K.L.:
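Have a look at the structure that comes next, please.
Since we're looking at a predicted model, the values are computed, not measured.
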Amino acid sequence: MPDQPVITRFAPSPTGHLHIGGARTALFCWAYARRTGGRFIIRVEDTDQARSSEASARGILQDLAWLGILWDEGPTLQHAGRVVGGDPRNVGPFFQSQRLATYNGVVDDMLERGLAYADFSPPEHLAAMRKAAEAAKQTFRYHPPASEIPPLAEQRRRIADGAPHVIRFRAADEPVRVADHVLGEVAFGPGEVDDFVLRKADGFPTYHFGVVVDDEKMGVTHVLRGQEHLMNTPRHVALQKALGYRTPVYGHMPLIFNDKGAKMSKRERDQSARDFVAARKLSSPPTSEIPAEVFSGWLADKKRQLGTGQLEALASALSLQLPEVSVDDFRRAGYLPEVICNFIALLGWNPGGDVEKFDMPFLAQRFDFDRIGKTNARFDRKKLLAFNGDAIASMPDADFARRWREWCAEHEPGFAAGCDDARWLLLARAVRPRAKTFRDAIRAGAFAAVPDDAVVFDPAAANKHLLAENAGGLAALARLRGALAASADWTPEALNGLVESVATSMGIGIGQVAQPLRVALTGAAVSPPLGETLAIVGRAGALARIDRCAAVFAGA
RNA sequence: GGCCCCAUCGUCUAGCCAGGUCUAGGACGCAAGGUUCUCAUCCUUGAAACCGGGGUUCGAAUCCCCGUGGGGUCACCA
């Protein structure tokens, strides 16, 4: 196959959000196709009827598109004014649940050729055998002697009678070699591959069967996936060999761990919430979203997970920050898609030398198997945060202002609502060096969204800067008010100068003027520089806030 | 437990494949100092690693073996 164009695929199962590890797999598959001038396709593996959902599939596609990982073939999605996906080679559909006829055709053929057989034994039978083998400390391998497999005619007859059954692969007793392009050659002894199920009792293919058939039918040449799939590969290779299919080039990537050294998973979010609840000794749910019995069961059983909505309701009721695990989590937390791509690419791959900041075109130009690492990587949120902060810091003002506003429209619609463009730009500029994420920026700029008559004064700040000692803070405020009311120039630069000159004229340090003003304007001891803060609040707002502050603390 | 993978600063890693230029480089984090009206940014400096043991070799972070440690996987989930 060396002369054929490269075809890679990402094959998510639509049972939840796009996980960060899945995003990396997709990114690498995309990058490899781009670099080699090949094609990148998406195939949705929705063969688990109980757990798959269309909403999840759509969410995953949207997350991919948001990250900038666009596919050449696959389900179609409207994104940024164009259609992503499609089926130019006529190899679809790209949902496995719509390809049952294809799988059934292959099953028939395999039955006919003795490569597979119908197994009518009930699941309990298998479970018992497995248990017995475990008790005897033996490796369980399902591979009955040929004499126990009914003749094909009988299999056909019972199938036609509607007897419940699965279709199993008839495995050969031979070793399998996998030429992995990341790990090198990996050898598996004879007997490692057993008579695994190809088609489930519900008529849907298993993962192994769907993957092998579809990769062949869709002409996939390169399979990049997580190392958790390594032990599946001999099955796939054995199947390909039996069917006379081509074997794609495999590359198994190192895993991504959380900071506890375990595989990153949604469970982490439940665990973090559970730890928090346990530390607070809460025994009843703090939100009506969660029934009491569900809550207590969840609390007692570390394996149990709450629904996504329930978990989020819990977190917000406790104002608890859940660890981000899925792409959507990071998006809502205010991370930039290009930073996420940059960062996850670095988990398991690097361009060599000291380069670690790069963009999608760079990846599309440089990515190759030979620089994929072999060691599992911990997902370091602190470093991601630093990367995101760097990206925000190096953006042009106007870009940051626009993208922050877009993010707000999606995730914090109330925040930017009444703000005109000029003021928004001032706010964005002031807040930017204080923010590592868009959500951070909201925290830093919160004072701007508070109505002038609703500033909440932090008691500690007010005490320290307005009420302490000889109440010099209130006197400074009075002087500032006069100067501000008279100021001709309402720009950050001029206003900074004005604050300085008030301090000078009063013969005190700038801090002794600045901090009282800061508390009056924002209620807190922390804000952007005063010139900026004043400019954002506006003259009328500033005077109103100062007056209200003076009134509140006058008698104190 | 069987099978399989892996092993450089706390973390992500460069260097390893084609041994010497490595008193092991970068980044995040951490520590100290500086700039500053607060916070943050920013600047400077610093501490910090080749898992252990054998070999091969004039020479090993780099090659080989063993040990140890970590991880993955053992479904009619994917």
K.L.:
With rounding to whole Å, what would you report as the distance between B:U11 and B:G34 at their C1' atoms?
P.N.:
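These two C1' atoms come out 28 Å apart once rounded.
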K.L.:
Scan every strand shown for a Watson-Crick or G-U wobble partner of B:C22, both distances under 3.5 Å, and answer none if you come up empty.
P.N.:
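Partner of B:C22: none found under 3.5 Å.
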K.L.:
Using a heavy-atom cut-off of 4.0 Å across all strands, would you classify A:Ala187 as base, sugar-phosphate, or nothing?
P.N.:
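The answer is sugar-phosphate, as A:Ala187 gets under 4.0 Å only of primed atoms, P, OP1 or OP2.
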K.L.:
Look through every strand shown and name the nucleotide pairing with B:U36 as Watson-Crick or G-U wobble, where both distances are under 3.5 Å.
P.N.:
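Its partner: none found.
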K.L.:
Sticking with atom P, work out how far B:U41 lies from B:C4, rounded to a whole angstrom.
P.N.:
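Their P atoms lie roughly 49 Å apart.
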K.L.:
With a 4.0 Å cut-off on heavy atoms, is A:Arg235 in touch with a base, just the backbone sugar-phosphate, or nothing at all?
P.N.:
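Here A:Arg235 touches no strand at all.
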K.L.:
Please report the distance separating the P of B:G29 from the corresponding atom of B:U23, rounded so that it comes out in whole Å.
P.N.:
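Rounded to whole Å, the distance is 29 Å.
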K.L.:
Using atom P in both nucleotides, what's the gap between B:A75 and B:U68 to the nearest angstrom?
P.N.:
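Those two atoms are separated by 27 Å.
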K.L.:
Applying the Watson-Crick and G-U wobble criteria at under 3.5 Å, what pairs with B:C50? Answer none if nothing qualifies.
P.N.:
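Answer to the pairing question: none, since B:C50 forms no Watson-Crick or G-U pair.
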K.L.:
Using modelled atom types only, decide if a donor and an acceptor are shared between the side chain of A:Arg199 and the backbone of A:Phe204 within a distance under 3.5 Å.
P.N.:
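Side chain of A:Arg199 to backbone of A:Phe204: no pair is present.
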K.L.:
Have a look at A:Leu530 and say if it touches a base, only the backbone sugar-phosphate, or nothing, with a 4.0 Å heavy-atom cut-off.
P.N.:
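It contacts base atoms.
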K.L.:
Centroid-to-centroid, A:Tyr335 to A:Trp407, below 6.0 Å?
P.N.:
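That pair fails the under 6.0 Å test.
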K.L.:
Would you indicate what A:Val166 reaches in the nucleic acid, counting non-hydrogen atoms under 4.0 angstrom: base, sugar-phosphate, or nothing?
P.N.:
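A:Val166: base contact, heavy atoms under 4.0 Å.
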K.L.:
For the residue pair A:Phe358 and A:Trp349, does the interplanar ring angle fall in the parallel (under 30°), tilted (30 to 60°) or perpendicular (over 60°) class?
P.N.:
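Plane angle over 60°, so perpendicular.
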K.L.:
Both distances under 3.5 Å, Watson-Crick or G-U wobble: report the partner of B:A7, or none.
P.N.:
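Per the H-bond distance test, B:U68.
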K.L.:
What distance, rounded to whole Å, do you find between the two C1' atoms, one in B:C64 and one in B:U56?
P.N.:
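Straight-line distance between the two C1' atoms is 7 Å.
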K.L.:
Indicate, with a heavy-atom threshold strictly under 4.0 Å, whether A:Thr15 touches base, sugar-phosphate, or nothing.
P.N.:
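Answer is nothing: A:Thr15 stays at 4.0 Å or more from every strand.
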K.L.:
Within the structure shown, what part of the strands sits under 4.0 Å from A:Pro528 by heavy-atom distance: base, sugar-phosphate, or nothing?
P.N.:
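Here A:Pro528 touches the bases of the nucleic acid.
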K.L.:
With both distances kept under 3.5 Å, what pairs with B:G2, Watson-Crick or G-U wobble?
P.N.:
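The base-pairing partner of B:G2, which may sit in any strand shown, is B:U73.
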K.L.:
Less than 4.0 angstrom from a charged side-chain N to a carboxylate O is my criterion; do A:Glu45 and A:Arg9 meet it?
P.N.:
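Salt bridge flag = no for A:Arg9 with A:Glu45.
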K.L.:
What interatomic distance, in whole Å, is found between P of B:G26 and the corresponding atom of B:A49?
P.N.:
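Rounded to whole Å, the distance is 14 Å.
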K.L.:
Any luck finding a side-chain donor-acceptor pair between A:Arg225 and A:His252 under 3.5 Å?
P.N.:
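A donor-acceptor contact under 3.5 Å links the two side chains.
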K.L.:
What is the first contacted nucleotide of RNA chain B and what is the last, in 5' to 3' order, if contact means an atom lying under 4.0 angstrom from a heavy atom of chain A?
P.N.:
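Listing 5' to 3', RNA chain B meets chain A from B:G2 to B:A78.
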K.L.:
Would you mind pulling out the nucleotide paired to B:A31, Watson-Crick or G-U wobble, both distances under 3.5 Å?
P.N.:
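Partner of B:A31: B:U45.
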K.L.:
Determine, for A:Asp48 against A:Arg51, whether the closest basic-nitrogen to carboxylate-oxygen distance falls under 4.0 angstrom.
P.N.:
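Salt bridge between A:Asp48 and A:Arg51, a charged N being under 4.0 Å from a carboxylate O: yes.
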K.L.:
Counting only Watson-Crick pairs (N1-N3 plus N6-O4 or O6-N4) and G-U wobbles (N1-O2, O6-N3), all under 3.5 Å, who is the partner of B:A14?
P.N.:
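The base-pairing partner of B:A14, which may sit in any strand shown, does not exist here.
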K.L.:
Flag the pair A:Phe387 / A:Ile340 as yes when at least one side-chain heavy-atom distance between them is below 4.5 Å, and no otherwise.
P.N.:
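A side-chain contact is absent here, since even the closest heavy-atom pair is not under 4.5 Å.
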K.L.:
Using the P atom in both, what is the distance from B:U38 to B:A61, to the nearest Å?
P.N.:
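Per the computed distance, 50 Å lies between those P atoms.
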K.L.:
Report which part of the nucleic acid A:Leu517 touches: base, sugar-phosphate, or nothing (heavy-atom distance under 4.0 Å, all strands).
P.N.:
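Touches nothing.
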K.L.:
Taking any heavy-atom pair under 4.0 Å as a contact, classify A:Arg378: base, sugar-phosphate, or nothing.
P.N.:
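Sugar-phosphate contact only - A:Arg378 comes under 4.0 Å of backbone atoms but never of a base.
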K.L.:
Contact class for A:His208 (heavy atom, under 4.0 Å): base, sugar-phosphate, or nothing?
P.N.:
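It contacts base atoms.
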K.L.:
Would you say that A:His208 contacts A:Leu198 through its side chain, given a criterion of any heavy-atom pair below 4.5 Å between the two side chains?
P.N.:
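Heavy-atom side-chain distance check fails, nothing below 4.5 Å.
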K.L.:
Taking atom C1' in both B:A7 and B:G15, what distance in whole Å separates the two?
P.N.:
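16 Å, rounded to whole Å.
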K.L.:
So what does A:Gln227 hit on the nucleic acid, given a heavy-atom distance under 4.0 Å: a base, only sugar-phosphate, or nothing?
P.N.:
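A:Gln227: backbone/sugar contact only, no base atoms under 4.0 Å.
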K.L.:
With ring-ring contact (aromatic ring centres under 6.0 Å, His included) as the criterion, how do A:Trp71 and A:Phe94 come out once you've worked through the C-alpha distance, each side chain's angles and the decisive distance to 0.1 Å?
P.N.:
CA-CA 12 Å; A:Trp71 51 103; A:Phe94 297 96; over 10 Å; no
K.L.:
Hey, does A:Phe343 reach any base, or is it just sugar-phosphate, or nothing, if we go heavy atoms under 4.0 Å?
P.N.:
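Nothing, no nucleic acid heavy atom in range.
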